Chemist: 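Sharing a structure, written as structure tokens. Questions coming.
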Amino acid sequence: MNVYLNSYFGTKRNGKHPGKKIISGREFNWNGRQWKIPAVYLFEDGLAVDFCILVPGAEVEKYLSRWYNKCLENKLTDEENEILEKENPFSLSFHAAAFLGEIELLGLGASSISWHLCSTGREYIGPEAEELMESYGCSRKEGWLFVRSSFGWPDGIKPETTQEHLSSLRLTLTAHPVFYPGFHFKTEEGQTPQDLTFTHPVTMELYTLNIISCEAGRLPGDVFSRDRGLVYPRNYLSLSYKVTPDLPPEVFRIQDCNPCDPPRREKDASKHPLASSVSIIGGASGPVSIIIAGKNVEGSISYPACSAPRFSPVKSVEWRTSFYIRECEDMTADNIIPC
């Protein structure tokens, strides 16, 4: 099996040569999974680390029986898609940092691929996954997630890569926050302040969501590009809120339950080609959030949230809340390459 630096499984980038395989065999448990680093690959410009992460076959079968047909229907809401991703046993989002002694290597990116034995969804198992299973001798009774992380030498300086120096390689793994669905609520334009009490899904601590204001707004006409003969929705409702005790937006988010209106053709749109697929970002992201966030007073503990844009004036919105929670501490793995 050939491995290339900063490439997806089964691909070759920039005409570089495959890496030199160095056997590792390092095993550990982290984030509720059994991990193995079967090999590290050495290149002129850096190195790549392969992770084999065991996913119990029973979890894979349960997940596919619950979600596979629903995915084929393609009718899931944004919230259901996030729940689907949360329950996916192959969804293990993390960041890997690599060090040679005291030198931190440059992260170049990562790719992943999965393998399972279930008949449902089996058509999506490709030859790359089969090659990894064979190369690393993984048990075919379980599912597997394969992750390849690539790292470059810092500032273009190649450190010593003798066996002695490579034995100082260590990795620090940081799990990304995990989505938890929250509660729904409704607001109307110009409504009076409102307090809602809710419970944190993990700590069970009580919090209060204080809705300070709910105002209608309209995006300026130059926010969206007009070079495709399209007209975009510009009306929205914006919330100003705070949470006690404080939960910042990276931990607690408020989003519109419904998607934005799709763009429409201009009356003279025949002069412009229409792209095969066009979408705009709703919720608390994109140009809407930039405009609304500008209203926040520096140092204020209040936060903005914005509905998805619509063509008609927005009078009321059903909102959904989401929590993003780190479920485990960082993991440092050393002794990856034996002396």
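No hydrogens, no waters, no symmetry mates; every other heavy atom, side chains included, goes into these values. What you see is a predicted model; the values in this text were computed from it and never measured.
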Chemist: Verify side-chain contact (heavy atoms from CB on, under 4.5 Å) between T197 and Y207, making sure each step is shown before the conclusion.
Modeler: CA-CA 6 Å; T197 301; Y207 287 82; over 6 Å; no
Chemist: Distance to the ring centre below 6.0 angstrom and angle to the axis at most 45 degrees; does that hold for R320 and F183?
Modeler: no
Chemist: Identify whether the distance between the nearest side-chain nitrogen and carboxylate oxygen of D256 and R310 falls below 4.0 Å.
Modeler: yes
Chemist: What's the spacing between E215 CD and Y236 OH if we round to 0.5 Å?
Modeler: 9.0 Å
Chemist: Under 6.0 Å between the ring centres of H200 and F323?
Modeler: yes
Chemist: Should Y241 and S302 count as side-chain neighbours, where that means a heavy-atom distance under 4.5 Å?
Modeler: no
Chemist: How about CD on E134, more than 12 heavy atoms from neighbouring residues, nucleotides or ligands closer than 6.0 Å, or not?
Modeler: no
Chemist: Between atom OG1 of T187 and atom CG of L196, what is the distance when rounded to the nearest 0.5 Å?
Modeler: 10.0 Å
Chemist: S91 and E85: side-chain donor and acceptor closer than 3.5 Å?
Modeler: yes
Chemist: Would you sort out whether L105 and W153 count as a side-chain contact (heavy atoms from CB on, under 4.5 Å), showing the intermediate values?
Modeler: CA-CA 6 Å; L105 307 187; W153 309 133; 4.0 Å; yes
Chemist: Are side-chain heavy atoms of T321 and H184 found at a separation under 4.5 Å?
Modeler: no
Chemist: Determine, using ring centers only, whether F28 and F51 are less than 6.0 Å apart.
Modeler: no
Chemist: Return all side-chain donor-acceptor pairs below 3.5 angstrom for residues 40-48, not counting sequence neighbours, or 'none' if the list is empty.
Modeler:
from	atom 1	to	atom 2	distance (Å)
Y41	OH	Y136	OH	2.7

Chemist: Tell me, yes or no, whether the heavy-atom count around E329 atom CD, taken from other residues, nucleotides or ligands under 6.0 Å, exceeds 12.
Modeler: no
Chemist: Can a donor-acceptor pair be found, under 3.5 Å and without considering hydrogens, that links the side chain of S24 to the backbone of I336?
Modeler: yes
Chemist: Check D334 with R26, please: is the shortest side-chain N to carboxylate O separation under 4.0 Å?
Modeler: yes
Chemist: Locate the shortest heavy-atom distance separating C328 from A175; write the atom from each residue and the value.
Modeler: SG-CB, 3.7 Å
Chemist: Can you run down the salt bridge (Lys or Arg N to Asp or Glu O under 4.0 Å) pairs that involve residues 59-81, sequence neighbours left out, and say none if there aren't any?
Modeler: R33-E59, R66-E87
Chemist: Is it true that R170 and E104 have a side-chain N and a carboxylate O under 4.0 angstrom from each other?
Modeler: no
Chemist: Can you see which heavy atom on L108 is nearest to which on N6, and at what distance?
Modeler: O-OD1, 2.8 Å
Chemist: From M133 CE over to L117 CG, what is the distance, rounded to the nearest 0.5 angstrom?
Modeler: 8.0 Å
Chemist: With distance as the sole test, does S316 use its side chain to make a donor-acceptor pair with the main-chain N or O of E188 at under 3.5 Å?
Modeler: no
Chemist: Could you label the plane-to-plane angle of the W144 and F146 rings as parallel, tilted or perpendicular, counting under 30° as parallel and over 60° as perpendicular?
Modeler: parallel
Chemist: Can you confirm whether I125 sits close enough to E130 that some side-chain heavy atom of one is under 4.5 Å from a side-chain heavy atom of the other?
Modeler: yes
Chemist: Do C257 and T77 have side chains that get closer than 4.5 Å, going by heavy atoms?
Modeler: no
Chemist: Is it true that a side-chain atom of N235 and a backbone atom of F311 form a donor plus acceptor pair closer than 3.5 Å?
Modeler: yes
Chemist: Any chance NZ of K86 has more than 12 other-residue heavy atoms, nucleotides or ligands included, within less than 6.0 Å?
Modeler: yes
Chemist: I need the minimum non-hydrogen distance between P18 and Y4, along with the two atoms involved.
Modeler: N-CE2, 3.4 Å
Chemist: Quick check for you: to the nearest 0.5 Å, what is the distance between T172 atom OG1 and F94 atom CZ?
Modeler: 12.0 Å
Chemist: List the atom of P233, the atom of L219, and the distance in Å for their closest heavy-atom pair.
Modeler: O-CD1, 4.1 Å
Chemist: Do I37 and L171 have side chains that get closer than 4.5 Å, going by heavy atoms?
Modeler: yes
Chemist: Quick one, F252 and V243 - any side-chain contact, counting heavy atoms below 4.5 Å?
Modeler: yes
Chemist: Report whether V202 and V251 are members of the same hydrophobic cluster (ILVMFWY, side-chain heavy atoms less than 4.5 Å apart, transitive linking).
Modeler: yes
Chemist: Measuring from atom CG of L54 to atom SG of C138, what distance do you get when rounded to the nearest 0.5 angstrom?
Modeler: 8.5 Å
Chemist: Examine M331 and F99 and state if one hydrophobic cluster contains both, with Ile, Leu, Val, Met, Phe, Trp and Tyr joined whenever side-chain heavy atoms are less than 4.5 Å apart.
Modeler: no
Chemist: Under 4.5 Å between any side-chain heavy atoms of V178 and R326, yes or no?
Modeler: no
Chemist: Would K242 pass as a cation-pi partner of Y303, given that its NZ or CZ must be under 6.0 Å from the six-membered ring centre and within 45 degrees of the axis?
Modeler: no
Chemist: Any heavy-atom pair between the side chains of L239 and W319 that's under 4.5 Å?
Modeler: yes
Chemist: Which atom pair, heavy atoms only, marks the closest approach of K186 to Q191?
Modeler: O-OE1, 4.2 Å
Chemist: Counting distance only, does the side-chain N/O of R148 pair as donor-acceptor with the main-chain N or O of G109 below 3.5 Å?
Modeler: no
Chemist: Determine yes or no for a side-chain-to-main-chain donor-acceptor pair under 3.5 angstrom, with S114 supplying the side chain and F90 the backbone.
Modeler: no
Chemist: Give a yes or no answer on whether the side chain of S168 reaches the backbone of G101 with a donor-acceptor pair at less than 3.5 Å.
Modeler: yes
Chemist: Nearest 0.5 Å please: distance from the CG atom of L92 over to the CD1 atom of I53.
Modeler: 5.0 Å
Chemist: Give a yes or no on whether L206 and F198 share a hydrophobic cluster (residues Ile, Leu, Val, Met, Phe, Trp, Tyr; joining criterion: side-chain heavy atoms under 4.5 Å apart).
Modeler: no
Chemist: Considering all heavy atoms of both residues, which atom of E189 and which atom of V314 are nearest to each other, and what is their separation?
Modeler: OE1-O, 4.1 Å
Chemist: Could you give me the CA-CA distance, side-chain angles and deciding distance for D50 and K36, then say whether salt bridge (Lys or Arg N to Asp or Glu O under 4.0 Å) is met?
Modeler: CA-CA 8 Å; D50 272 7; K36 180 178 181 179; over 6 Å; no
